[in-house]
Participant: 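Before we start, here is the structure in question, set down as structure tokens.
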Amino acid sequence: MPRLSYRKALNRALADELARDEEVFLLGEDIQVAASAVTAGLLKRFGPERVRDTPLSEQAFTSFATGAALVGARPVVEFQIPALLFLVFEQIVNHAHKFPLMTGGQCAVPVTYLVPGSGSRTGWAGQHSDHPYSLFAHAGVTTVVPATPADAYGLLVSAIRCDDPVVVFAPAAATELRADVSDPVPVPLGRGRVHRSGDDVTVVAVGHLVHDALAVADELAGEVSVEVFDPRTLYPFDWDGLLGSVARTGRLVVVDDSNRSCGIAGEIIATVVEQVRLHAPPRRVTRPDGAVLPFAPALDRAVQPGRELLRHAIAHVSKDG
Amino acid sequence: MSGADPIRLYRTVRLIRRFEERAIELVRSGHIVGGIHPYLGQEGIAAGVCAALRPDDVVAGTHRGHGHVLAKGADPARMMAELCGRVTGLNRGRGGSMHAADFAAGVLGANAIVGAGGAIVTGAVWARRRRGEDLVGVSFLGDGAVNEGMLLEAFNLAALWRVPVLFVCENNGYATTMPVADAVAGSISARAEAFGIRASTVDGQDPAAVHASTAAALARMRADGGPEFLEARTYRFDAHHTFEHAVRLDYRSPAEVAQGRSRDPVQIAGSRLPAAERAAIDADVEAVLEAAVADALAAAEPDPATALEYLYASGLTARTGGG
Ligand SMILES: Cc1ncc(C[n+]2csc(CCOP(=O)(O)OP(=O)(O)O)c2C)c(N)n1
Ligand SMILES: [Mg+2]
């Protein structure tokens, strides 16, 4: 079977949607030369009108995309750095997201915001290593964090076709992945995926952490049977899928690359305990409160949720009850 | 380009004037909650600019946006119903004063965030022109907006990408209470000129002058594509926002206000019509607004069960607040 890299999957999704729908166009910094690799070859194929390099003016080009979407276009806006989303949070949350309701349904804002390298990029330090997906879930903006090449393709395609704004986080720690994928297909937004079935504990893992969760589940195979649930879309969340899993296992751990306070892990746990009586108190493994990723690699790793803390959390919930 | 129809210009300034006065009454009576930013004194700008536009052109307004919405052709009755939060409103009662929009009339919305409209209308015009339409856009903005980085970024995009947007700065001398002289280094039109955008200045109290300047700018824009900037000098006759009717803020002297109010766009436009014609328009406007207010107050308020309607165009339904 052909090997598909995560980056190539994003690239293919963009190419397929540009080819399928004239209203799709791309905006971003250095995308014509494909500095982030995900737009490679697209300038040549689709031309500079549809693969538009922007001056460094994130707020204006984000709202330019909103304006284009208001009249029926489907822009995809690439951001070189996850922290640029802080700069345009107002434009996305206060404008793109609010327009349909505020206008009483007069419009839609189908914009896709793509961050092809979110979370820690070892060595890029404090201002390039954020993973602010929980902020968008909190705001109610559709938010996806694909873990695999197939999902990267399928979720990006669905994001572009969605009539609402969608933020796509492609974790830097996943973009080097390759997988056997012959014919990638759209993946519905809001639908999670059980990567590995298990009976004792449900581990919810977000983005690249799915692979850490799978590795830990393998290691623990003789002792604990771990089910790994990948929500894929954080908002809207696949509550039915998760509740089905937890109803069987009765135990829950969440591993999430957000800061601890108000991160998506807190929401996942709260929603589950509102509806399911667990055998043991749930646990979450996250970045610390107020995390700033320090530069030195050992420090950078120290503030990211890792396998050791995950093992510990699984052991903890397995023991109790 | 022929001159504007003086009857149309007068009717529009008169309509906006009386609309705002009726709206202020409804604020006082509690029928409009949250108050409004009255456009009183600035009517000549919306009237003059929009008289030069085609129906398919688009505008983006400001927090002081009633005039922009009305002048572009929205139904005053549906606008009044919107201010009153009724289901018959332009936005079905979901937007209110600062978000009133009428996409069918080319109004992409008033906007509560200062400086936000410029990039939006630039994107909208660009996207429609890519399909072969030859429309232009107008971004109304206040003097306060020219200090917002986002707007200056939008000037850059519109100029670089030759998007025909007319940026109309309604310079009423103040951003809330902050005088332009204390807020703007350099000059307002130099901001636009720095991006290679042709800038002109006009007396915003004279709707015919505004129309002439706009028509000249639009003719150039339709011919060669790029944006232009028009600074309309004006004066806000009333409060920044109706909250000021209760809380007096001390930033404009009575003498200054009297001087500002002495050049009234309604009088200027009205003086160009025979008295009988003017009286007929006034009577017609009264009747339109009387009906608008009556309809608005008779219309249903939205059902609380529909509070999240229109949140997602995709059909997604949000979880409720629980309990
Ligand atoms: C970005 C932003 N900052 C502050 C405010 C609060 N605010 C609303 S209107 C206003 C003054 C705007 O002045 P100007 O642009 O001159 O318009 P005018 O009110 O004079 O019509 C301010 C500060 C806002 N709505 N948006
Ligand atoms: Mg002002």
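Letters A, B, ... are given to chains in the order of the sequence lines, protein chains preceding strands, and every chain is numbered from 1.
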Participant: Return the OG1 to CG distance between T62(B) and N111(B), rounded to the nearest 0.5 Å.
Facilitator: 8.5 Å

Participant: For chain B, which candidate among D163(A), T62(A), D164(A), L189(A) shows the most heavy-atom pairs at distances under 4.5 Å?
Facilitator: D164(A)

Participant: Where on L157(B) is there a heavy atom nearer than 4.5 Å to chain A: the side chain, the backbone, both, or neither?
Facilitator: side chain

Participant: Select one option (side chain, backbone, both, neither) describing which atoms of H97(A) are under 4.5 Å from chain B's heavy atoms.
Facilitator: both

Participant: Please flag which part of Q91(A) lies under 4.5 Å from any non-hydrogen atom of chain B: side chain, backbone, both or neither.
Facilitator: side chain

Participant: Using ring centroids (six-membered ring only for Trp), state whether F155(B) and F167(B) fall under 6.0 Å.
Facilitator: yes

Participant: Just so I understand: if I count every heavy-atom pair under 4.5 Å between each of D102(B), V58(B), L152(B) and chain A, which residue has the most?
Facilitator: D102(B)

Participant: Specify which of C162(A), C107(A), A108(A), A73(A) makes the most heavy-atom pairs with chain B at under 4.5 Å.
Facilitator: C107(A)

Participant: So if I apply the side chain to side chain contact (heavy atoms under 4.5 Å, CB included) rule between V76(A) and each of L27(A), T39(A), I31(A), V24(A), which one comes out positive?
Facilitator: V24(A)

Participant: Checking salt bridge (Lys or Arg N to Asp or Glu O under 4.0 Å) for the pair R54(B)/D134(B): CA distance, chi angles, key distance, verdict?
Facilitator: CA-CA 11 Å; R54(B) 298 194 316 223; D134(B) 71 342; 2.5 Å; yes

Participant: Taking side chain as everything from C-beta outward and backbone as N, CA, C, O, which of these in A307(B) sits under 4.5 Å from a heavy atom of chain A? Side chain, backbone, both or neither.
Facilitator: backbone

Participant: So which residue, E82(B), H99(B), R92(B), ends up with the most heavy-atom pairs under 4.5 Å with chain A?
Facilitator: H99(B)

Participant: In terms of heavy-atom pairs under 4.5 Å, which option from N156(B), I113(B), L108(B) contacts chain A the most?
Facilitator: I113(B)

Participant: Checking F99(A) against chain B: side chain, backbone, both or neither under 4.5 Å from a heavy atom?
Facilitator: side chain

Participant: Does G190(A) offer a backbone N or O that forms a donor-acceptor pair with the side chain of R232(A) under 3.5 Å?
Facilitator: no

Participant: Considering only heavy atoms from C-beta outward, does the side chain of W126(B) approach that of V165(B) to under 4.5 Å?
Facilitator: no

Participant: Using a cut-off of under 4.5 Å for heavy-atom pairs, which of N94(A), T66(A), L70(A) has the most such pairs with chain B?
Facilitator: L70(A)

Participant: Which atoms of A65(A) come close to chain B, meaning under 4.5 Å heavy atom to heavy atom: side chain ones, backbone ones, both, or neither?
Facilitator: neither

Participant: To the nearest 0.5 Å, what is the distance between NE2 (H66(B)) and CE (M80(B))?
Facilitator: 9.0 Å

Participant: Test the R52(A)-W161(B) pair against the cation-pi criterion, namely NZ or CZ under 6.0 angstrom from the six-membered ring centroid and within 45° of the ring axis.
Facilitator: yes

Participant: Indicate whether any N or O donor in one side chain lies under 3.5 Å from an N or O acceptor in the other, for Y310(B) and N91(B).
Facilitator: no

Participant: Is it the backbone or the side chain of E90(A) that comes under 4.5 Å from a heavy atom of chain B, or both, or neither?
Facilitator: side chain

Participant: So which residue, G140(A), G105(A), A68(A), G72(A), ends up with the most heavy-atom pairs under 4.5 Å with chain B?
Facilitator: A68(A)

